[in-house]
Amino acid sequence: MSDAHAAAGPRMATNAAPLRRVGGGANEEAARGEPAVGLVVTGIGTVGADGFDFRTALGRHGYKYLPTASQYFLAAAKRALAQAGPDALDAVGPEERGAAVGTNSAAVALHHTMDRTVTATGAGNLSPVTAPYFSINLFGSRLATEHDLKGFNLTFTSPRVAGLEALQNGRRALVTGRARWLLAGATEEALPEGEPGAETSEAGAVALVLEPEAAARSRGAAALGRVDVRSFFLPPRSAASAEGVERAAALLRDALDALGHRPDQPLAVTAVLDGSPVGEAVAAALEEKVLDERAPGGRTAAGKPERVLAGAGALEPVARVAAALGAPAGHVHAVVTAAAEGNAAVCLVIPGGVTPGSTAGAEAGGAEASSR
């Protein structure tokens with residue numbers, strides 16, 4: 001299923017500079033206007049809320065008044081960049097560096113605080129330091145400023161799939177020549193008490209660095225693996241119908257086919273799902289139809305699908321992608337997620353020790369398909 005089927009497509013805020021090509025030896029290939037292909041992950045950064053101290057993670061000065069979700073993502077990005085190598089940013093010019101972040105809950109607590117201030121004492125008492133973050137697309141602005149990311153800066157907010165959409169659309173921008181280097185991921189702040197989903201809300205961040213494999217190799221960086229994403233939409237009413245499971249199975253098959261995974265190849269699956277009709281339809285489709293077809297007898301690389309109860313946010317699916325990239329026993333892995341609203345996505349993960357050809361050229365076929 002193509003992304004055009006996402007009738008309620010990605011809710012996105014964008015703050016992007018006009019596309020410009022820059023010169024210089026490090027960016028000579030980009031200056032020729034050639035798209036980035038053979039993309040690999042070279043850095044992974046994860047941050048949890050427990051014990052997090054921005055002073056330790058980022059520095060004592062300049063971060064105090066940033067929203068917590070921004071602090072989380074800056075810290076995750078810092079760790080990802082450290083793993084990618086000291087010259088990770090210097091490999092391309094600022095106009096060729098892009099950022100994409102997904103979130104569902106980053107601004108909720110701040111908005112509650114603003115609402116209480118406005119209703120109690122008036123808008124004049126809003127803090128000038130935090131007031132600009134009323135706009136969700138500013139949560140990644142400090143990241144772009146700090147690391148001179150001038151290619152594009154995208155924010156996605158679709159329920160549960162926002163982080164995977166950040167990977168999907170950021171990656172597509174590289175494949176189509178919009179940029180040549182990407183930092184993408186998800187960040188969440190815990191929901192305020194009493195907010196729907198607060199008891200299962202997420203807090204923390206995950207960031208991934210993606211760049212062309214040739215560029216990574218030329219500077220001696222390790223390729224941690226490859227990722228590619230397809231998103232689609234399963235209407236809740238359709239999911240709850242008698243044909244819901246078959247409909248979900250068809251969408252999953254289309255997504256895996258578009259990602260280049262051959263039906264006869266083994267596949268480990270992690271499904272981050274809730275108990276909604278959409279979540280149950282996707283779970284049943286995976287267990288009863290899709291995986292049986294892709295490995296005769298239901299045999300997969302890691303047994304039955306691992307089902308993870310989804311929380312309120314878009315962080316867990318990206319965290320599972322990061323975990324699959326770092327798994328010691330590498331194998332092709334799919335992270336599947338869906339929201340009660342109907343948004344769904346599949347991320348195919350090929351760890352660094354796995355030959356891409358084992359998925360019938362998931363990178364070559366899937367990447368080019370994503371540019372269309």
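Keep in mind that this is a model prediction, so the values were computed, not measured.
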What are the two closest heavy atoms between [X] and [Y], and how far apart are they?
X      : Y      : answer
Pro277 : Ala240 : CB-CB, 3.9 Å
Val278 : Pro236 : CG2-CA, 3.8 Å
Phe52  : Ala75  : CE1-CB, 3.8 Å
Ala285 : Leu252 : CB-CD1, 3.9 Å
Ala281 : Ala248 : O-CB, 3.7 Å
Ala100 : Ala166 : CB-O, 3.5 Å

Side-chain contact, heavy-atom cut-off 4.5 Å: [X] with [Y]?
X      : Y      : result
Leu66  : Leu74  : yes
Ile44  : Leu224 : yes
Leu174 : Arg180 : no
Leu208 : Leu183 : no
Ser105 : Glu189 : no
Val335 : Val346 : no
Val101 : Phe73  : yes
Leu315 : Thr187 : no

Looking at [Y] and [X], is any side-chain nitrogen of the basic one under 4.0 Å from a carboxylate oxygen of the acidic one?
X      : Y      : answer
Arg307 : Glu316 : no
Glu246 : Lys289 : yes
Arg320 : Glu306 : yes
Arg219 : Glu211 : yes
Asp228 : Arg226 : no
Glu146 : Arg142 : yes

**Message:** Go through it in stages, so that I can follow the logic: the residues are Arg79 and Val47, the test is side-chain contact (heavy atoms from CB on, under 4.5 Å), and I'd like the CA-CA distance, side-chain angles, deciding distance and then a yes or no.
**Reply:** CA-CA 9 Å; Arg79 295 178 184 180; Val47 168; 3.8 Å; yes

Donor-acceptor pair, [X] side chain versus [Y] backbone, under 3.5 Å?
X      : Y      : value
Lys78  : Ala57  : yes
Thr42  : Ala84  : no
Asn153 : Gly98  : no
Gln71  : Phe54  : no
Asp148 : Pro94  : no
Thr176 : Arg172 : yes
Asn169 : Glu165 : yes

Does one hydrophobic cluster hold both [X] and [Y], with members joined at side-chain heavy-atom distances below 4.5 Å?
X      : Y      : result
Leu259 : Val161 : no
Val206 : Leu167 : yes
Phe233 : Val245 : no
Leu164 : Phe156 : yes

When rounded to the nearest 0.5 angstrom, what distance separates [atom1] in [X] from [atom2] in [Y]?
X      : Y      : atom1 : atom2 : value
Leu234 : Asn343 : CG    : CG    : 10.0 Å
Leu348 : Arg230 : CG    : CZ    : 10.0 Å
His333 : Ile350 : NE2   : CD1   : 13.0 Å
Glu96  : Arg178 : CD    : CZ    : 8.5 Å

**Message:** Does Leu291 form a side-chain contact (heavy atoms from CB on, under 4.5 Å) with Leu267? I'd like the steps, not just the answer.
**Reply:** CA-CA 8 Å; Leu291 293 183; Leu267 181 68; 4.3 Å; yes

**Message:** Run the side-chain contact (heavy atoms from CB on, under 4.5 Å) test on His147 and Leu143 for me, step by step, so that the C-alpha distance in whole Å, both residues' side-chain angles and the decisive distance to 0.1 Å come before the verdict.
**Reply:** CA-CA 6 Å; His147 298 298; Leu143 177 77; 3.6 Å; yes

**Request:** Evaluate the side-chain contact (heavy atoms from CB on, under 4.5 Å) criterion for residues Val41 and Val227: first the C-alpha distance (whole Å), next the side-chain angles of each, then the deciding distance (0.1 Å), finally the verdict.
**Result:** CA-CA 8 Å; Val41 176; Val227 296; 4.1 Å; yes

**Message:** Ignoring hydrogens and geometry beyond distance, is a side-chain donor-acceptor pair present between Glu188 and Thr103 at under 3.5 Å?
**Reply:** yes

**Request:** Could you please spell out the steps behind the salt bridge (charged side-chain N to carboxylate O under 4.0 Å, His left out) verdict for Asp274 and Arg160?
**Result:** CA-CA 10 Å; Asp274 57 23; Arg160 192 152 298 130; 2.8 Å; yes

**Message:** Test side-chain hydrogen bond (donor to acceptor under 3.5 Å, both in side chains) on Gln168 and Ser231; report intermediate values, then the result.
**Reply:** CA-CA 8 Å; Gln168 177 185 16; Ser231 57; 2.9 Å; yes

